[in-house]
Q: 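Before anything else, here's the structure in question.
Quick caveat, the model's predicted, so the values are computed rather than measured. Order of the sequence lines sets the chain letters (A, B, ...), proteins ahead of strands, with each chain counted from 1.
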Protein chains: 2
Amino acid sequence: MSQACAHIIDDDEAIRDALQWQFRTRGVECTLWPSAEAFLDAWQTDWRGCIVLDIRMEGMSGLECFDTLIERQCSLPVIFITGHGDVPMAVSALKKGAFDFIEKPFSDNELIERVERAIALDTERQRAAADRGTVESRLASLTAREREVMELILEGKYNKVIADQLSISMRTVEAHRSKVFDKMQVRSAVELAQMLTTLKG
Amino acid sequence: MSQACAHIIDDDEAIRDALQWQFRTRGVECTLWPSAEAFLDAWQTDWRGCIVLDIRMEGMSGLECFDTLIERQCSLPVIFITGHGDVPMAVSALKKGAFDFIEKPFSDNELIERVERAIALDTERQRAAADRGTVESRLASLTAREREVMELILEGKYNKVIADQLSISMRTVEAHRSKVFDKMQVRSAVELAQMLTTLKG
DNA sequence: GACGCTATTGTGGAATACCGCAAACACAAA
DNA sequence: TTTGTGTTTGCGGTATTCCACAATAGCGTC
């Protein structure tokens with residue numbers, strides 16, 4: 001897992017260097033990319049932090065890059081920067097889920113403050129995803145039959161009813177039920193329901 | 001409860017009339033307001049639909065009106081229209097929760113299509129809020145003691161444990177438990193947990 | 001074939017939940 | 001005072017859960 005940092009994509013080397021200097025001064029790690037293509041080639045799903053994306057670039061534009069990132073289900077917050085943005089462009093980007101859209105020129109603090117917020121958002125999302133991951137891995141450890149029994153438990157049915165429905169003995173249902181609680185690391189059906197409802201809701 | 005309609009706020013009578021004609025032709029009801037002040041004076045929390053809000057107006061601007069609506073916790077989706085918008089303005093509005101931000105001139109279909117989506121969103125939100133309202137009214141019908149017992153049930157505790165914790169007899173806990181299920185209209189603790197987790201999650 | 005995992009079932013008992021009926025007490029409103 | 005609501009408790013009984021111990025059978029891997 002790479003650490004949280006700002007991934008800066010801009011085809012102007014002077015700007016890249018200036019941003020890098022600013023960021024590092026403020027203690028924000030960053031990586032530099034001269035083109036959308038270079039970034040997309042290198043990008044890995046476990047990268048954390050945020051993306052600072054220039055819109056007008058040689059080759060693939062920042063907006064195209066953004067679309068590609070969405071396709072690849074990259075969840076990193078994206079901060080667009082542009083010198084010649086127009087309103088529909090900004091509206092479209094934000095409605096697609098961009099974190100921010102900043103016009104040049106911007107003050108040093110303006111960008112860095114938003115980058116820090118974006119990184120904080122990603123960190124929070126990562127934490128939530130980890131929680132979901134824990135639950136999901138437990139779910140994955142269930143056998144098909146156990147999952148089947150669990151579904152019925154979550155409908156609040158008695159073991160007896162479940163046994164009838166699956167045409168097996170009550171004792172078998174109890175065995176599965178016990179296994180399910182064990183693997184999901186809960187002590188009651190209520191905890192199980194809360195764990196899974198949180199996962200979905 | 002008033003029915004879903006587009007609330008148009010614009011100080012240009014010609015535009016109001018033109019929009020009204022377009023909307024009615026497409027079967028979208030609307031109300032017309034010559035100023036932000038007029039709308040804010042009349043607005044009631046049970047109004048449904050969406051708001052079409054011009055930014056540049058005499059008196060209170062559309063942006064100020066939006067801020068006021070947020071303060072008053074109005075949840076109607078807001079579509080801004082403006083002839084002289086700039087990017088920071090659009091970005092700020094959307095980040096505050098505006099539904100859309102459209103620059104003049106726009107095509108007939110462009111606005112009406114977004115209005116219809118906004119109204120659909122409000123309708124959906126309304127439905128979800130009604131569900132929450134149902135659960136909340138049931139919760140409100142619980143006595144203090146019943147709610148107390150319910151909390152402990154949701155922690156998956158046995159009646160015996162609850163009885164000890166509240167220093168009352170098991171039989172009393174059973175009585176409360178039964179009342180809680182009755183009032184909340186559920187048949188098991190699992191259902192109760194799901195109902196309340198959905199409310200919060 | 002031995003081994004491990006999964007699914008299945010049984011016995012028997014202790015603990016718990018659930019329910020109807022009944023009732024005592026406090027407290028506030030009519 | 002009467003009435004109503006909320007809180008509390010008991011009795012007796014049935015249904016259900018939960019658990020330890022034990023066992024059979026299928027299935028795929030090594």
Q: Do A/K95 and B/F101 meet the cation-pi criteria used here (NZ or CZ under 6.0 Å from the six-membered ring centre, within 45° of the axis)?
A: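 Checked: cation-pi criterion not met.
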Q: Given that A/I168 and B/K157 both sit by DNA chain C, which one's nearest nucleotide is further toward the 5' end?
A: A/I168
Q: Apply side chain to side chain contact (heavy atoms under 4.5 Å, CB included) to residues B/Q22 and B/V28 and explain how you reach the verdict.
A: CA-CA 9 Å; B/Q22 277 178 37; B/V28 176; over 6 Å; no
Q: If you walk 5' to 3' along DNA chain D, what is the first nucleotide with an atom under 4.0 Å of a heavy atom in chain A, and what is the last?
A: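 Extent of the interface on DNA chain D: D/dT16 to D/dC21.
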Q: Please state how far atom CE in A/M170 lies from atom P in C/dT8, giving the value in whole angstrom units.
A: 15 Å
Q: Just the rounded figure in Å: distance from C1' of C/dT16 to CG of B/D164.
A: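 In whole Å, C/dT16 C1' and B/D164 CG are 14 Å from each other.
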Q: Does A/T172 reach a base, just sugar-phosphate, or nothing at all? Heavy atoms under 4.0 Å.
A: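 Base contact - A/T172 has a heavy atom under 4.0 Å of at least one base atom.
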Q: Taking the side chain as everything from C-beta on, heavy atoms only, tell me whether B/F80 gets closer than 4.5 Å to B/D54.
A: no
Q: On DNA chain D, compare the nucleotides closest to B/T143 and B/Y158; which residue's is nearer the 5' end?
A: B/T143
Q: Hey, can you tell me if B/H7 and B/F39 have their rings parallel, tilted or perpendicular (30° and 60° cut-offs)?
A: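 Taking B/F39 first and then B/H7, their aromatic rings sit tilted (interplane angle of 30° to 60°).
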Q: Separation of A/E174 atom CD from C/dT9 atom P, in whole Å?
A: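 Roughly 12 Å, once rounded to whole Å.
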Q: Should B/R127 and B/E124 count as an ion pair when the cut-off is N to O under 4.0 Å?
A: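 Looking at B/R127 and B/E124, the cut-off is met.
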Q: Can you find a heavy atom in the side chain of B/W33 that is under 4.5 Å from one in the side chain of B/I8?
A: no
Q: With distance as the sole criterion, do the side chain of A/R171 and the base of C/dT8 form a donor-acceptor contact below 3.5 Å?
A: no
Q: B/K179 or A/F181: which one's nearest nucleotide on DNA chain D is closer to the 5' end?
A: B/K179
Q: Would you say a side-chain N or O of B/R177 is under 4.0 Å from OP1 or OP2 of C/dC18?
A: yes
Q: Is the shortest side-chain N/O distance from A/H176 to OP1 or OP2 of C/dT6 below 4.0 Å?
A: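 Checking C/dT6 against A/H176, no side-chain N or O comes under 4.0 Å of OP1 or OP2.
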